[in-house]
Amino acid sequence: MKLTLEELIEDVKNELLCYEDAEETAQRWEEEFRAWAEEQQGKNKDLSVEGDRVMFRIKDEEEVFEIADSYMDALEEGSVKKYWEKF
């Protein structure tokens, strides 16, 4: 399943906003994800360019929840850097 980067960002942010007082967290994730995606273009098998759109491949919709939940866990554990290394 492929989503545009914008669709993925919107979906993950919506999931993060389910957590209490997570507006800043959702914004932080978006900024970090955009930086990660920029750095990973051409290097990551899940990122591709199709026409004028950047696409991201995920297994299924459940992965969106996993991305958000893993980020919240990484924040709690102080392992955000590791989160992005394994993303």
Side-chain angles (χ1 to χ4, degrees):
M1 169 177 189
K2 288 184 182 178
L3 299 173
T4 66
L5 279 192
E6 297 307 315
E7 290 171 324
L8 179 66
I9 289 168
E10 182 179 328
D11 290 351
V12 172
K13 283 179 69 175
N14 284 337
E15 186 62 28
L16 287 168
L17 290 172
C18 291
Y19 290 90
E20 192 172 329
D21 298 323
E23 292 83 9
E24 288 180 21
T25 300
Q27 186 61 37
R28 176 180 170 181
W29 182 88
E30 178 180 359
E31 291 168 9
E32 291 174 3
F33 177 75
R34 288 185 186 280
W36 176 89
E38 183 72 29
E39 180 184 304
Q40 294 295 316
Q41 276 192 345
K43 301 176 189 175
N44 188 295
K45 64 179 176 49
D46 293 327
L47 279 172
S48 62
V49 177
E50 296 180 10
D52 61 344
R53 301 184 320 175
V54 179
M55 306 296 289
F56 191 82
R57 182 181 22 240
I58 60 173
K59 291 177 272 185
D60 53 32
E61 291 181 22
E62 183 67 28
E63 192 167 352
V64 171
F65 305 116
E66 292 171 20
I67 290 169
D69 291 343
S70 295
Y71 188 70
M72 293 303 286
D73 291 343
L75 284 173
E76 232 176 73
E77 298 165 1
S79 60
V80 173
K81 184 177 179 183
K82 192 175 199 176
Y83 170 89
W84 290 113
E85 288 171 359
K86 292 185 174 190
F87 194 83

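Note that this is a predicted model, so its numbers are computed, not measured.
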Report yes or no: do [X] and [Y] belong to one cluster of Ile/Leu/Val/Met/Phe/Trp/Tyr joined by side chain heavy-atom distances under 4.5 Å?
X	Y	answer
M72	F65	no
M55	M1	no
V12	I9	yes

Flag the pair R34 and E6 as a salt bridge only when some basic side-chain nitrogen lies within less than 4.0 angstrom of an acidic carboxylate oxygen. yes
Nearest heavy-atom neighbours spanning [X] and [Y]:
X	Y	value
E50	S48	OE2-OG, 3.8 Å
K45	R57	O-NH2, 2.6 Å
D46	N44	N-OD1, 2.7 Å
A37	L47	O-CD1, 3.7 Å
L17	A26	CD2-CB, 4.0 Å

For E77, which residues count as a side chain to side chain contact (heavy atoms under 4.5 Å, CB included) partner, sequence neighbours excluded? D73, S79
Contacts of type side chain to side chain contact (heavy atoms under 4.5 Å, CB included), residue K43, not counting sequence neighbours: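 Only E39, Q40 meet the side chain to side chain contact (heavy atoms under 4.5 Å, CB included) criterion with K43.
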Taking the inter-plane angle between the rings of W29 and F33 on a 0 to 90° scale, is it parallel (under 30°), tilted (30 to 60°) or perpendicular (over 60°)?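 Judged by the thresholds at 30° and 60°, the geometry between W29 and F33 is parallel.
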Starting at [atom1] of [X], measure out to [atom2] of [Y] and round the result to the nearest 0.5 Å.
X	Y	atom1	atom2	value
R53	T4	CZ	OG1	6.0 Å
I58	E61	CD1	CD	7.0 Å
L16	D11	CG	CG	11.0 Å
I67	E62	CD1	CD	11.0 Å

With heavy-atom distances below 4.5 Å as the criterion, would you say the side chains of E63 and D60 are in contact? yes
K81 side chain reached by E85 side chain, heavy atoms, under 4.5 Å: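 Yes. Closest side-chain heavy atoms under 4.5 Å.
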Partner residues of E7 under the salt bridge (Lys or Arg N to Asp or Glu O under 4.0 Å) criterion, sequence neighbours left out: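 Result, salt bridge (Lys or Arg N to Asp or Glu O under 4.0 Å) vs E7: none returned.
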Under the ring-ring contact (aromatic ring centres under 6.0 Å, His included) test against Y71, which residue among Y19, F87, Y83, W36 passes? Y83
